[in-house]
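Just so it is clear, the structure is predicted and the values come from calculations on it, not from any experiment. Numbered from 1 within each chain, the chains take letters A, B, ... in sequence-line order.
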Amino acid sequence: MDNSATSNDPTAGLTYDPGAIERKWQRLWQERGTNSTNLQGATRPFYALMMFPYPSAEGLHVGNLFAFTGNDIYGRFQRLAGHNVFEPLGYDAFGIHSENYALKVGKHPMELIPRNIANFRRQLERAGLMVDWRYTLATTDPDYYKWTQWIFLQLLNQGLAYRKQAAVNWCPNCKTVLANEQVVGGVCERCKTPVEQRSLEQWFFRISDYAPRLLANLDRIDWSETTKTAQRNWIGKSEGAELAFPATDAGSGSACEIRVFTTRADTIFGATYLVVAPEHPLVESFTQSAERKKVEAYRERTKKQDIVTRKTSTEKTGVFTGSYAINPATEKRIPIWVADYVLMEYGTGAIMGVPGHDARDFEFATEFRLPIVRVVCGEREDAATPLTAAHTDCDLGTMVNSGPLDGLGVDAAKRRIVEILAERGAAKAVVRYRLHDWCISRQRYWGPPIPIVYCDSCGVVQVPEKDLPVVLPFVEDFKPDDSGVSPLARHEEWYRVPCPECGQMARRETDVSDTFLDSAWYFLRYPSVGRNDVPFDKNLTLKWLPVDSYIGGNEHAVLHLLYSRFITMVLHDAGHLEFEEPYARFRAHGHIIRDGAKMSKTQGNIVNPDEYIERWGADAFRTYLMFLGPYEQGGDFRDQSISGTRRFLDRLFASVQAMSSEGDPNADVMRKLHQTIRKVGDDIARLSYNTAVAAMMEYMNVLRKGERTPHRDEVLPMISLVSPFAPHLAEELWQQTGGAGKNGSVFDAGWPAFDPALAAEDFIELVVQVNGRVRAKVRVPRDIGQDAAVDAARADPTVARYVSGAPTKIVFVPGRLLNIV
RNA sequence: GCGGAAGUGGCGGAAUUGGUAGACGCGCUGGACUUAGGAUCCAGUGGAGCAAUCCGUGGGGGUUCGAGUCCCCCCUUUCGCACCA
């Protein structure tokens, strides 16, 4: 027990006891159902969603609380503005985090997860969130993942799920396949082990089919620009052309062609060689027998080379196949090389080498002494200007050494060459996307089993909807091994089942699905939690979705947000949803650092919300989190600074205790009050919480100025203004002051009315500049005209000193500023 | 390398459209109350100067009556992506 509270605690002697008030209101909210939303009866529904947390064993992180508080403030504000706000919260409890942690501590995830969830729930309730806990969910609940499996079947039925033997990323430490997204810089995102390649049979979703729509829709949704940019880059549209280079098969001698993809078709006259990826299926056909050994050795080497070296090394390696192709533009013979700087996964797995105008090709050509030709000139260059590096800038480029293209600009040349070659069937304009299909198979235990059965007679058979969920069995040995299959594959008693179609003994799919599939549809589930006959109720979905406001971390800017958009589109196309974009508005919150450094366990600077709430109260802590920096940028958490927000709440508390209803409110104070009502509302609406708090503090300073007793009318609206930030204290003060009867909540009382007439200033401080420098401020009527303003300014002694004779120019900004030149 | 964001007092940060730079808070200084205060309250607080005034938003140019804000060049930090043709 910490007994320093009486002697050392700087909060000792402050005027209100947050512990008692917060416990009281958390109890009353529960008893009165204050935070319960009437989903059926709502007339002005507003869905305020935050990304659900992964319930870690360490408990709630202050970063979670920062994020959730921001959403809560927005939700509470919308409620005060008259909406029926639904603010649900659940848990993203499946996945590799939980499983790895369970392995580490030697406990079973089925035992750990409920415990972690209970701890999260306790912490979240202490934070005073307006969450309707009747509609919580956990992705690990069979009632939930039943429908995750159902979604898999929807994709399968629409031909959007398929199996493919594919080279996948394999983490030798986690002993599992990783999605491309989980490979960061060639190493496993989680354990930093270099990733290897393995070939396994996997389930994929055809998200790449949706690339054009996923991209196009971004233009019409209200999301943070940064997030949209990240998605655009990830989808990676590039418009270019596919060009065919005639060649000869080295073995049979028959004619064939190599197709390359390029975004710079204009530079084809500068293509002095071709390169194909080592994995390219045509490599063998082009390799002359004299070169066969060398080429094979090179292919073997790159296959073995781990992905890190291959992706990070900029050194150019490669071998000549001994064969030549014909450049369709120059009709010259150019050599065909094999090199690992060309990737099989992108484009056609083959490129034309244009060393004059591509940095990588320049390096390669320099290394292997291949000819370098200039075909584009900048402003002060001509066809003969030597190239010391690749000239890649094409903005002001003019074509040279390019036959029919000479003199054209780069863009015109791109179109023209495709037209010319297309006549011979050697070119077509194409659009490529970087986005590749989504591999959802995981050779792991802690996830929803993929609802598929493999039957010797019937093949791949889906588990009928009536048999869902395929329940994840409790198994003791859930540790993955390097067999390339899930731990479930060790449990014959589970995977041996009769085929749903023919009844013969068959085998279940033993892989589970990706956690991102769990989180790709959870927002659809919340309003329908408790319904076991449908994934989501038609009418409730119509009423509540799409999500009105979604808030979350930008680390999910690409994957989660893209996957949930995709799943929503698929369900829309299948007729299950009316809309195709899940989140009408999305804003990314920032992240919190501490004392200028990243919070981490090893540094021991992690903020445990429990301790801070204990010491300062949830209200002061919430307010501080929102005050420490711009919500969308995050900020720096400093222990010392919390006292400021606590003092602010104490002063409000004290003012309410001291206020009087005698006499009239002060007009200046009331003017400031109405300005504050407007500013706080505007600021909350644009998530500028730090300035909203600052505005309230400023008002409190005005209110308390001088030795006067504040008037009731000056104080009461502050209770509502502060309520989204400090909900417990607001309720307490609301009750104390008799707001809306005995059982009313401040959150049902509406946002204080803003009166523009009361907020308007009659007089303003006009800034007077002379030659652009501020020389004086004069107090003048708000709507003063230019001539009167000049007179007033010249009456000022300082201004008079600087202005001699007639001004050459007067700049007058009404209501703000006067500049005499 | 490419793409995004950002550089403002001792510190966290304000300045919504080119119009008083430093709101608000922390810290610090002085004072009041006090047996005491790391509580509370009051006052002050960008730098230089007795002052008038001058200098100040990473650095250097520019546009403008006026630039933290717009344009050009450079430096630094940070976060994504990374041989994507």
Side-chain angles (χ1 to χ4, degrees), chain A residues 7-15 184-186 225-227 229-230 232-234 236 238 240 260-264 267 275 310-316 339-343 345-354 357-361 363-364 392 432-434 554-555 557-558 590-591 595-596 624 627-630 633 635-645 647-648 650-651 654 679 682-683 686 688 690-701 704 707 765-774 776-777 798 801 807-813 815-821:
Chain A
S7 53
N8 292 330
D9 190 347
T11 61
L14 294 188
T15 48
V184 177
E225 261 328 297
T226 52
T227 311
T229 305
R232 285 192 188 105
N233 291 342
W234 191 263
S238 60
V260 305
F261 173 68
T262 179
T263 53
R264 292 295 306 275
T267 62
V275 186
R310 178 161 175 191
K311 288 224 165 178
T312 51
S313 151
T314 51
E315 217 173 283
K316 295 288 177 289
D340 68 357
Y341 82 94
V342 173
L343 307 175
E345 310 90 76
Y346 191 75
T348 58
I351 62 150
M352 61 179 193
V354 186
H357 304 279
D358 180 282
R360 295 152 303 179
D361 295 345
E363 272 179 54
F364 188 80
T392 52
R432 294 266 170 196
Y433 296 90
R434 288 181 53 193
N554 227 353
E555 65 273 19
V558 181
H591 289 278
D595 299 322
Y624 175 63
F627 183 59
L628 59 72
Q633 282 163 46
D636 195 357
F637 188 98
R638 282 165 197 258
D639 285 22
Q640 268 188 330
S641 305
I642 305 176
S643 56
T645 51
R647 257 196 286 269
F648 160 66
D650 275 323
R651 287 168 182 168
K679 175 151 178 64
D682 289 353
D683 283 357
R686 61 188 179 99
S688 183
N690 56 333
T691 55
V693 174
M696 289 189 285
M697 287 174 165
E698 207 176 315
Y699 176 64
M700 285 306 292
N701 292 342
R704 291 165 5 96
E707 305 254 322
E765 297 249 289
L766 185 74
V767 175
V768 182
Q769 296 182 334
V770 180
N771 294 325
R773 307 203 63 134
V774 178
K777 291 159 195 176
T798 316
R801 206 166 63 238
T808 54
K809 186 174 181 180
I810 301 281
V811 180
F812 180 63
V813 184
R816 292 203 93 130
L817 168 140
L818 176 72
N819 190 6
I820 302 171
V821 186

Just wondering, do A:Asn690 and A:Val693 contact through their side chains at under 4.5 Å, heavy atoms?
no

Picking from B:rA85, B:rG25, B:rU16, which would you name as closest to the side chain of A:Met697?
B:rG25

Check ring-ring contact (aromatic ring centres under 6.0 Å, His included) between A:Phe648 and all other residues, then give those that pass, not counting sequence neighbours.
none

Could you check whether the side chain of A:Gln769 and the base of B:rG19 have a donor-acceptor pair of N or O atoms closer than 3.5 Å, going by distance alone?
yes

With A:Lys316 as the cation and A:Tyr341 as the aromatic partner, state whether NZ or CZ is under 6.0 Å from the six-membered ring centre and within 45° of the axis.
yes

Closest to the 5' end of RNA chain B, once A:Asn233 and A:Arg704 are matched to their nearest nucleotides, is A:Asn233

By nearest-heavy-atom nucleotide on RNA chain B, the more 5' of A:Glu765 and A:Thr798 is A:Glu765

Minimum-distance nucleotide (side-chain atoms of A:Phe627 versus B:rA85, B:rG19, B:rG25)
B:rG25

Nucleotide pairing, RNA chain B (Watson-Crick or G-U, distances under 3.5 Å), in dot-bracket with [ ] and |
(((((((..(((......[....)))((((((.......))))))(((....)))..(((((..]....))))))))))))....

From the options B:rU16, B:rG27, B:rC83, select the nucleotide whose nearest atom is closest to the side chain of A:Ser643.
B:rG27

Check every strand shown and say whether A:Arg434 touches a base, only sugar-phosphate, or nothing at a heavy-atom separation below 4.0 Å.
base

A:Arg647 side chain: which of B:rC41, B:rG3, B:rA14 is closest?
B:rC41

Ranking B:rG19, B:rC26, B:rC83 by distance to the side chain of A:Tyr341, first place goes to B:rC83

Mind checking the C1' distance from B:rA39 to B:rG49? Whole angstroms is fine.
39 Å

According to a strict under-4.0 Å criterion, is A:Asn701 in side-chain N/O contact with OP1 or OP2 of B:rG25?
yes

Identify whether any heavy atom of A:Asn690 sits under 4.0 Å from a base atom; if not, whether one sits that close to sugar-phosphate; answer base, sugar-phosphate or nothing.
sugar-phosphate

Which label fits B:rG9, syn or anti, where anti is any glycosidic angle not within 90° of 0?
syn

Taking the side chain of A:Gln640 as heavy atoms from C-beta outward, which of B:rG27, B:rC81, B:rC11 is closest to it?
B:rG27

In whole Å, measure the gap between the P atoms of B:rU16 and B:rG22 for me.
13 Å

Select base, sugar-phosphate, or nothing to describe what A:Leu628 touches, counting heavy atoms under 4.0 Å on all strands.
sugar-phosphate

Under 4.5 Å between any side-chain heavy atoms of A:Asp358 and A:Ile351, yes or no?
no

Considering only heavy side-chain atoms of A:Trp234, the closest of B:rU16, B:rC81, B:rA85 is B:rC81

Hey, is the side chain of A:Arg651 poking within less than 4.0 Å of OP1 or OP2 on B:rC41, counting only N and O atoms?
yes

Counting heavy atoms from C-beta on, name the nucleotide in B:rU20, B:rG4, B:rA15 closest to the side chain of A:Lys777.
B:rU20

For A:Ala557, enumerate each residue passing the side chain to side chain contact (heavy atoms under 4.5 Å, CB included) test, keeping only those at least two apart in sequence or located in another chain.
A:Thr227, A:Ala230, A:Asn554

Of the candidate nucleotides B:rC11, B:rG19, B:rA85, which contains the atom at the shortest distance from the side chain of A:Arg638?
B:rC11

Does B:rG80 have OP1 or OP2 sitting under 4.0 Å from an N or O in the side chain of A:Asn554?
no

Which nucleotide in the list B:rA23, B:rU20, B:rA85 gets nearest to the side chain of A:Glu698?
B:rA23

